[in-house]
Amino acid sequence: MDTLRFYFVTWNVATKSPGQDLNSLLDFPSQFNKNKPLPDFYAIGLQEVKSQPQNMLMDSLFSDQWTQMLNKILCRQGFVVAKTIRLQGILLIVYSQMKHLPHLRDIVAQYTKTGLGGLWGNKGAVSVRFNIYGVSVSLVNCHLTAHEHLLAERINDYNTIVKEHFYLVGETSNILYHDYVFWMGDLNFRTDHPAGSAPTSEEIVATLQKVEKDKYTALLKHDQLLAVMDSGEAFSEFTEAEIRFPPTYKFMTGSGDYDLKRKPSWTDRILYKVIANNYENITLRADLISYNHIPHYTVSDHKPVVAQFNIKIRQKSAPAVDTPPKAARSQIRMRSAMVVHDSTSLGVEEGLEACAAEPEQVESTAEQDSEETAFANYTVRTVEFEPISRIWYIGDADFRTKCTLSPDVDIQPNDWIGIYDANFHSLDDYIAYEYLAKVSLPQTPPVAGQPRTITLSFPVGSGVRTPGFYRLIYFSQPSSEVRSVLGISEPFEVSSREDRLVSLDPCMEASSSSSPGRSKPSTTTDIFTDFTGLDVAKLSRHFSNDLSID
């Protein structure tokens with residue numbers, strides 16, 4: 001596999017709640033096409049998600065209804081929320097298949113306000129950028145100034161976002177510096193005819209009804225976005241696929257009929273940009289699979305627009321098999337129900353200063369074994385957790401396990417280990433965490449060019465307090481805004497000694513043969529290093545096997 005499939009959705013939901021099933025929005029396989037592959041990533045950008053000043057505190061603690069419904073659908077299909085960001089009503093959620101998580105590097109979310117001269121977030125942009133398999137990707141969702149006559153303000157909005165949107169990531173500090181940029185949203189560009197010859201809304205609708213074979217060329221000649229792209233005033237760096245769907249705005253809510261108070265326009269768009277020749281030994285490309293609207297959704301005065309792309313990557317991803325092949329021995333070994341995937345890593349511990357002097361560009365074993373992934377200027381940094389075969393008992397004085405760092409890992413003082421539910425649904429859903437410097441034991445100096453194994457020792461209070469199955473995830477975090485996933489452990493069991501004693505009682509075993517030999521999980525909450533980023537909904541995940549909604 002040398003490409004990744006991205007599925008994009010942009011939809012102005014007009015402050016409405018989800019009133020229709022969203023499965024068709026996400027193009028899931030149906031009973032008539034069960035073998036249709038799922039995308040590797042979903043990037044869903046919504047605008048005008050209901051957000052009022054008096055509700056901002058609640059919005060920060062609990063997910064909105066759209067996020068809840070999308071999570072319910074996608075997480076049940078095995079997707080994990082890699083990152084989400086919201087600026088008032090502008091929301092971007094990036095979902096990843098589980099197998100790709102250990103390849104995500106330098107994940108950063110950012111926003112720029114353009115409403116009221118940059119003071120208000122009702123208009124502006126949110127974005128998520130990351131590196132994946134050796135390429136950099138920036139995903140942008142925006143809502144620009146409305147109204148037909150405010151074209152200059154939309155142009156200014158775009159240029160403000162490009163100028164002020166800043167990432168603390170080396171050579172990709174700007175949106176346009178990334179290998180791949182996908183920009184979507186309610187761009188609010190309208191149809192704009194010359195003065196004196198502008199048709200009425202009724203005349204435009206009548207023209208649309210006569211269009212054959214999705215050919216909208218005549219109307220698109222007056223599209224403001226295409227005009228400013230040609231003039232170089234805005235979005236000139238981007239490409240848009242041929243539009244073969246009718247205007248997506250403005251409709252009467254609950255109907256498929258245009259609201260004649262506004263001229264029908266293609267306000268909702270998905271654009272893309274590729275730096276094809278950024279690397280000497282490969283040509284990057286984004287191949288369009290589809291670009292369309294979905295007309296049967298009627299909860300908003302906009303129709304959702306969706307697009308699918310295959311993008312070329314620089315390193316092949318791990319095969320979706322249960323047993324790692326020879327070329328993937330540095331990969332994490334998941335249980336039979338899980339997908340095998342490469343794990344990747346950054347730095348770990350303040351005390352291992354000697355590692356900081358190691359070369360940054362060293363090819364991993366997996367790369368050396370694969371001719372197709374040999375790039376002299378690219379490394380795969382990995383952390384592999386040792387399989388945990390014994391049960392972690394709640395209250396253990398010193399629970400220990402090991403992990404192996406590939407030679408190219410650059411140790412960072414703020415690296416941390418998160419403890420997650422085995423079937424976690426978001427990278428923000430950690431149950432507890434510890435900085436690696438607190439849990440890793442002193443090691444002998446590493447040998448240059450060789451993997452090194454460190455022992456992790458979790459003291460009482462850093463673990464979980466509820467029986468169940470969990471995972472460890474290794475993060476490198478050189479700053480508070482930048483995070484990389486370096487490795488994910490296979491699931492391991494946490495139990496209580498009281499439950500163990502109960503399960504050893506033959507009378508109890510005989511009376512409970514139809515259910516696990518385990519008492520009702522304790523409702524005692526964890527003792528964390530920090531409560532940042534957690535809420536009550538996330539803590540409830542251990543108490544049920546059902547999907548919990550963030």
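Numbers for residues simply follow the sequence, beginning at 1.
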With the side chain counted from C-beta on, respond yes when [X] and [Y] share a heavy-atom pair under 4.5 Å apart, and no when they do not.
X: Gln97; Y: Phe79; value: yes
X: Ile161; Y: Leu144; value: yes
X: Val108; Y: Leu168; value: no
X: Asn188; Y: Thr145; value: no

Under 3.5 Å donor-acceptor pairs involving side-chain atoms of residues 218-239, not counting sequence neighbours:
residue: Asp223; atom: OD1; partner: Arg269; partner atom: NH1; Å: 3.0
residue: Asp223; atom: OD2; partner: Leu225; partner atom: N; Å: 3.2
residue: Asp223; atom: OD2; partner: Leu226; partner atom: N; Å: 2.9
residue: Asp223; atom: OD2; partner: Arg269; partner atom: NH1; Å: 3.4
residue: Asp223; atom: OD2; partner: Arg269; partner atom: NH2; Å: 3.0
residue: Gln224; atom: OE1; partner: Arg154; partner atom: NH2; Å: 2.8
residue: Gln224; atom: OE1; partner: Arg190; partner atom: N; Å: 3.0
residue: Gln224; atom: NE2; partner: Glu148; partner atom: O; Å: 3.1
residue: Gln224; atom: NE2; partner: Asp192; partner atom: OD2; Å: 3.4
residue: Ser231; atom: OG; partner: Ala227; partner atom: O; Å: 3.4
residue: Ser231; atom: OG; partner: Val228; partner atom: O; Å: 3.2
residue: Ser231; atom: OG; partner: Glu233; partner atom: N; Å: 3.4
residue: Ser231; atom: OG; partner: Glu233; partner atom: OE1; Å: 2.7
residue: Glu237; atom: OE1; partner: Tyr158; partner atom: OH; Å: 2.5

Is [X] reaching over with its side chain to a backbone N or O of [Y], donor-acceptor style, under 3.5 angstrom?
X: Thr84; Y: Val94; answer: no
X: Tyr180; Y: Ile275; answer: no
X: Tyr258; Y: Pro247; answer: yes
X: Tyr420; Y: Asp429; answer: no
X: Arg314; Y: Tyr133; answer: no

In a table with atom names and distances, give each donor-acceptor pair under 3.5 Å that connects a side chain of residues 289-301 to protein atoms at least two apart or in another chain.
residue: Tyr291; atom: OH; partner: Glu240; partner atom: OE2; Å: 2.6
residue: Tyr291; atom: OH; partner: Ile270; partner atom: N; Å: 3.2
residue: His296; atom: NE2; partner: Ser24; partner atom: OG; Å: 3.1
residue: Tyr297; atom: OH; partner: Asp21; partner atom: O; Å: 2.8
residue: Tyr297; atom: OH; partner: Ser24; partner atom: OG; Å: 2.8
residue: Tyr297; atom: OH; partner: Leu25; partner atom: N; Å: 3.1
residue: Ser300; atom: OG; partner: Asn12; partner atom: O; Å: 2.6
residue: Ser300; atom: OG; partner: His302; partner atom: N; Å: 3.0
residue: Asp301; atom: OD2; partner: Lys250; partner atom: NZ; Å: 3.0

So which atom in [X] and which in [Y] form the shortest heavy-atom distance, rounded to 0.1 Å?
X: His193; Y: Ser197; value: CB-O, 4.3 Å
X: Thr191; Y: Pro264; value: OG1-O, 3.5 Å
X: Tyr42; Y: Leu38; value: OH-CD2, 4.3 Å
X: Lys83; Y: Ala109; value: CE-CB, 3.6 Å

Query raised in the report: Among all residues two or more places apart in sequence or in another chain, which pass the side chain to side chain contact (heavy atoms under 4.5 Å, CB included) test with Lys36?
Result: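 Side chain to side chain contact (heavy atoms under 4.5 Å, CB included) check on Lys36 returns Asp27, Pro29, Asn33.
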
Query raised in the report: Among all residues two or more places apart in sequence or in another chain, which pass the salt bridge (Lys or Arg N to Asp or Glu O under 4.0 Å) test with Lys312?
Result: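 Result, salt bridge (Lys or Arg N to Asp or Glu O under 4.0 Å) vs Lys312: Asp2.
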
Report task. Hey, can you tell me if Phe6 and Phe182 have their rings parallel, tilted or perpendicular (30° and 60° cut-offs)? Result ->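 Ring orientation of Phe6 relative to Phe182: parallel.
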
Report task. Quick one: sort the Phe41 and Phe130 rings into parallel, tilted or perpendicular, breaks at 30° and 60°. Result ->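 Judged by the thresholds at 30° and 60°, the geometry between Phe41 and Phe130 is parallel.
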
Distance, nearest 0.5 Å, that separates [atom1] of [X] from [atom2] of [Y]:
X: Ile107; Y: Ile132; atom1: CD1; atom2: CD1; answer: 8.5 Å
X: His178; Y: Leu139; atom1: NE2; atom2: CG; answer: 9.0 Å
X: Arg262; Y: Tyr249; atom1: CZ; atom2: OH; answer: 5.0 Å

Distance-only donor-acceptor hits, side chain of residues 110-117, under 3.5 Å, sequence neighbours excluded:
residue: Gln110; atom: NE2; partner: Phe166; partner atom: O; Å: 2.7
residue: Thr112; atom: OG1; partner: His165; partner atom: ND1; Å: 2.7
residue: Thr114; atom: OG1; partner: Lys123; partner atom: O; Å: 3.3
residue: Thr114; atom: OG1; partner: Gly124; partner atom: N; Å: 3.2

Query raised in the report: Does Tyr216 OH have over 12 foreign heavy atoms under 6.0 Å away?
Result: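 Result for OH/Tyr216: enclosed.
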
Query raised in the report: Is there a donor-acceptor contact under 3.5 Å linking the side chains of Tyr279 and Asp179?
Result: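 Yes, Asp179 and Tyr279 have a side-chain donor paired with an acceptor closer than 3.5 Å.
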
Under 3.5 Å, sequence neighbours excluded: what are the donor-acceptor pairs made by side chains of residues 205-214?
residue: Thr207; atom: OG1; partner: Glu203; partner atom: O; Å: 2.9

